[in-house]
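For reference, the structure is listed below as structure tokens.
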Amino acid sequence: MDIVVVPHTHWDREWYEPFQRFRLRLVDLLDEVLDTMEREPAYHFTLDGQLACVDDYLEVRPENRHRVAALVESGRLAVGPWQILLDEFLCSGENIVRNLELGLAGADALGGAMRVGYLPDMFGHTAQMPQILRRAGLEHACVYRGVPSSVTTDAFAWVAPDGTAIRTQYLPEGGYGNGAHLFSDVKGLEERAAEFVATMRAWHGPQGELLAMYGTDHSAPVRGLPEMVAAVGARMDTLSGYIEKFSGDTAGLPQVVGELRSHARANILPGVISARVAVKQAMGRAERMVERYAEPLATLWGGPWPGRFLDMAWRRLVEASGHDSVTGCGVDETAQQVAARIAEAEQLGQAVRDMVTARLAAAVPADGVLVVNPTPAVRGGVVLADVAGGSGPLVGPSGAPVPTQPLDCAPVLLLDERIDPLTVLGFVHGTELYGQHIISWQVFDDILLLTVGREPRGPFDQAEVRRALDGVTYVRVEAEPRATVAAFVEVPALGHTSLRPGPPEPTHPAPLAEVRTNRHHQHCWLSSDTGVLPVKAGPTVMDNGLLRVEIEPDGTLGLFGEDGRTITGVGRIEDGGDSGDTYNHAPPADDLVVSEPISIDTEIIEGGPLVAAVEITRVYLWPAAGEPVPNTPELPPPARTGATEDIVVTMRVELRAGEPFVRLRVSFDNRCADHRVRFHVPLPRRADHSLAEGQFAIVRRELEAEGGCGETPLPTFPASGWVAAGGVAALLEHVTEYELLDDGYELALTLLRSVGYLSRNHNRLRPEPAGPQLPTPAAQSRGPHTVSLALMPYLDWRDVPPQAELYRHDLLVVPGGGDRELTPPPAAHGLSVSGQGVTMSSLRRRDDWQELRLVALTASGTEAVVRGAFTEARRAGLTGGPGEPLETADGTLRLPLRPWEIATVQLR
């Protein structure tokens, strides 16, 4: 029979048990794989397309590395190309690239990676995956979930937005376990094989070999399998052995363009996007820290390359991206471990960032601050700085004043009481007292006055002080005056500048200059001949000339764009029941939705002219939990309880000078269970589709999702950096679930989803279990919860990505670390990137080259213009291999890009 049997295991690194418990089983499994394959030379085995299985095994069995390598080199054991089987929608595009880079390099070191983009169990697939795979040197993909009903064959051409087409093997009739039943027993083997052939011929056609994936979750090899395979005239191979017999040619194959998120043939379990939201928030923070702060700053401004620290950070981010990890669909112990991994990655990134910025800040006077721009374009914007002195104006490196707004003053009096001064001196360590440094002291009458500051000014002689304490019974500790101020500052592309307190001005502060915004080129600049358009604020209105925000009596917002766009009722909070699980939202049969607060209060926090902020406090009565079925708590609650909790929802509304969007921060203490909280934005016009940033792409989605498998196709989708529809964009800090409601007249963003089970055996919107029914009390996400986002009215969606870039990557403010008498260094330029729709994904050092990855987020061809201190440039492969040289002139590279192209270049 024309059957190719591919023995394999699908290995969930962590899921319904935490990683180390699963690893114990993995070690046993791979011990058996090695023994079986060495004993039976005809045996082939595929290790799930992820090198993590091998790495995790060899950490326990390092003595077996040569045995693994021998089987890989022979072509009988297939490993890689991924480091880990990821969730493609819940990590950044750069994370996907680093995953492949790690997996390919590690597998090649063992004898060669499987050259197939094996994606067997991901919950749908991102639009640019064909281009990513092809640029990594892979000509084939293999998928299961997300394939639309239009695919009626077991191979199709999967086409990325840039036009890259890759031959994709579809796994119909059971996915990666479609042949798992074949060799369950010798009896009836020929009949089962014949039935398999008849079923698969309908997909494959009358000629050619048929793929039988013999394995399932955590399955071990079956002894004697080669003889059973031969008994029915089949042959055994690895997955790459079967797929790579086909050419990469896609001519004549049915085409599918873009992302694969159809429910037609398999569950895609979309509720994982909103399960354990805190994990998604942490992932977004950590990825930004490593890929957009630590790596670029170390590349341009660091000393010795901190490669090991960055490698460790990336490995933790990649490990956290697993399709049962960052998704949140594991047990609570798994989620805790994932969160710890992400936290370590962020801390590693912070350490590298701080090392670089401390080096730069050493040239800035101690009473000032360093301001660093993490974006590759000249940028003007508001920064919040903690500076010495009162609330006077700040000056830039040239001494020219910048627009400044005082926000808050730090307490000056730290201690003022009758106390034995020797007791207080016992608190002093060197010069340190209360977290600051003693800079002066004096005694008058019976009082010891100690003055402290943020940085030391010289030694503190305790012996001298003790000799002056005769008759002292009172101690006062005062801090140097410090203030938090907002300042409008211009910073070079991926560069830095500085601010420090200027001389006091007894008349009036520096005039504000007008901020002009160049949205398509991703930067603002300060006009030298006019004044900054200030933010005006009153009890119910804020206006910066680009956007007007009005506070409505019900606590929602009205947004009025500079071109007359009007949106009202923005920010309605809606709480509904959720009787689902970590995989699928499911409202109870008798749901109760709460959207009206019982009280509303508004307070002005800041009044401009650079920052205006209002805090809106709304109190709601939310049902405390789902109402369980009597005596059967494992069944989904059919309704919500009558008991309620008073939930205080605070929304900070902030408008800054020069920004065409309003910043929002929504906070509440979640004391309820089994519910979903969403933030609603009415749209100024009906939207028949949404646009959302994905991984190296902007994805268009219709109002409905394709169904067919049984899982209810809720049109809830992931957005990475922003989502836009009907004239309003939400700018986001992490991957967020959204839905268009009311026939396209309203956008809903999920703030929180609270559920208590990994999977429910009975889910109203998914007929089959997605995993074991295990309690996950931590997935109820009780406790304080805060989500930050921004809203931007628009006429042209192309105005949105540059503003999302600025919102997600704030200017970085670092305390000065040099002597107060230093002359501030001049502003310094790093590297700039411009061009219609061009965005930077990463900048890092590779050997003695600076490696820059760019993406053309545009439907038409464009040109990237890169300027910096380089004289050589060349193209590079996605994973770093050098390509052809590129022409440069005067530190400028002009690089034509195709629509939606991902391009990697190296500069020196």
Side-chain angles (χ1 to χ4, degrees), residues 81 92-105 108 113 115 117 126-139 159-166 248 291-292 295-296 298-300 305 307 310 314 376-377 493-494 522 695-697 830-908:
S92 68
E94 196 61 35
N95 198 330
I96 296 175
V97 172
R98 304 305 175 95
N99 190 337
L100 263 182
E101 188 175 298
L102 283 171
L104 287 169
D108 285 344
R115 309 304 295 181
T126 56
Q128 287 279 38
M129 186 58 75
Q131 185 181 179
I132 292 171
L133 295 176
R134 179 60 60 83
R135 288 186 176 274
L138 306 181
E139 296 186 352
V159 184
D162 77 315
T164 299
I166 190 168
E291 66 191 49
R292 293 302 304 274
E295 274 193 343
T299 298
L300 294 170
W305 179 243
L310 293 169
W314 272 115
L494 281 168
Q522 305 183 22
Q695 289 66 24
F696 300 139
L831 188 80
S832 68
V833 175
S834 61
Q836 175 64 48
V838 178
T839 187
M840 182 184 86
S841 169
S842 73
L843 175 63
R844 60 170 161 171
R845 193 177 303 173
R846 189 186 290 272
D847 300 324
D848 57 346
W849 294 82
Q850 294 177 0
E851 185 173 279
L852 173 68
R853 188 147 25 250
L854 305 172
V855 185
L857 296 180
T858 174
S860 57
T862 189
E863 180 183 65
V865 180
V866 183
R867 291 187 172 89
F870 56 86
T871 57
E872 293 180 78
R874 67 186 186 189
R875 283 192 178 269
L878 189 76
T879 56
E884 75 270 18
L886 296 168
E887 185 176 339
T888 66
D890 300 322
T892 300
L893 168 66
R894 296 184 178 276
L895 183 68
L897 296 176
R898 301 191 321 274
W900 310 109
E901 180 180 356
I902 305 167
T904 308
V905 297
Q906 294 176 342
L907 312 170
R908 183 165 61 184

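In this text the structure is predicted, and so the values were computed from the model without any measurement.
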Can any side-chain N or O of R845 pair as donor or acceptor with the backbone N or O of A298 at less than 3.5 Å? yes
Between T862 (side chain only) and Q836 (backbone N and O only), is there a donor and an acceptor less than 3.5 Å apart? yes
Going by heavy atoms in the side chains, are [X] and [Y] under 4.5 Å from each other?
X	Y	answer
P130	V159	no
V866	L907	yes
W900	L857	yes
R115	L104	yes
M129	Q695	no
V865	S834	yes
V838	L895	no
R898	T164	yes

Distance (rounded to the nearest 0.5 Å) between T126 OG1 and Q131 CD: 11.0 Å
Rounded to the nearest 0.5 Å, the CG atom of D162 sits from the CZ atom of R134 at a distance of 10.0 Å
So which heavy atom on [X] is nearest to which on [Y], and how close?
X	Y	result
F696	I132	CD1-CD1, 3.9 Å
P896	E901	O-OE1, 4.2 Å
A903	L897	CB-CD2, 3.6 Å
T858	G837	CB-CA, 4.5 Å
P81	L138	CG-CD1, 3.9 Å
P161	A127	CD-O, 3.4 Å

Using the ring of W314 (Phe, Tyr or Trp, six-membered ring only), decide whether R844 places NZ or CZ under 6.0 Å from its centre and within 45 degrees of its axis. no
Mind running side-chain contact (heavy atoms from CB on, under 4.5 Å) on L100 and L133 for me, showing each step along the way? CA-CA 9 Å; L100 263 182; L133 295 176; 4.1 Å; yes
Are [X] and [Y] linked by a side-chain donor-acceptor pair shorter than 3.5 Å?
X	Y	value
S841	E94	yes
E291	S92	yes
T904	R853	yes

Evaluate the side-chain contact (heavy atoms from CB on, under 4.5 Å) criterion for residues I96 and Q128: first the C-alpha distance (whole Å), next the side-chain angles of each, then the deciding distance (0.1 Å), finally the verdict. CA-CA 11 Å; I96 296 175; Q128 287 279 38; over 6 Å; no
Please tabulate, for side-chain N and O atoms in residues 878-893, each donor-acceptor pair with protein atoms closer than 3.5 Å (sequence neighbours left out).
{"unit_1": "E884", "atom_1": "OE2", "unit_2": "R875", "atom_2": "NE", "d": "3.4"}
{"unit_1": "T888", "atom_1": "OG1", "unit_2": "T871", "atom_2": "O", "d": "3.1"}

Any chance you could lay out the side-chain contact (heavy atoms from CB on, under 4.5 Å) test for R908 and R874, step after step, and finish with the verdict? CA-CA 9 Å; R908 183 165 61 184; R874 67 186 186 189; 5.7 Å; no
Result for side-chain contact (heavy atoms from CB on, under 4.5 Å) between T299 and one of Q850, E851, R846 points to Q850
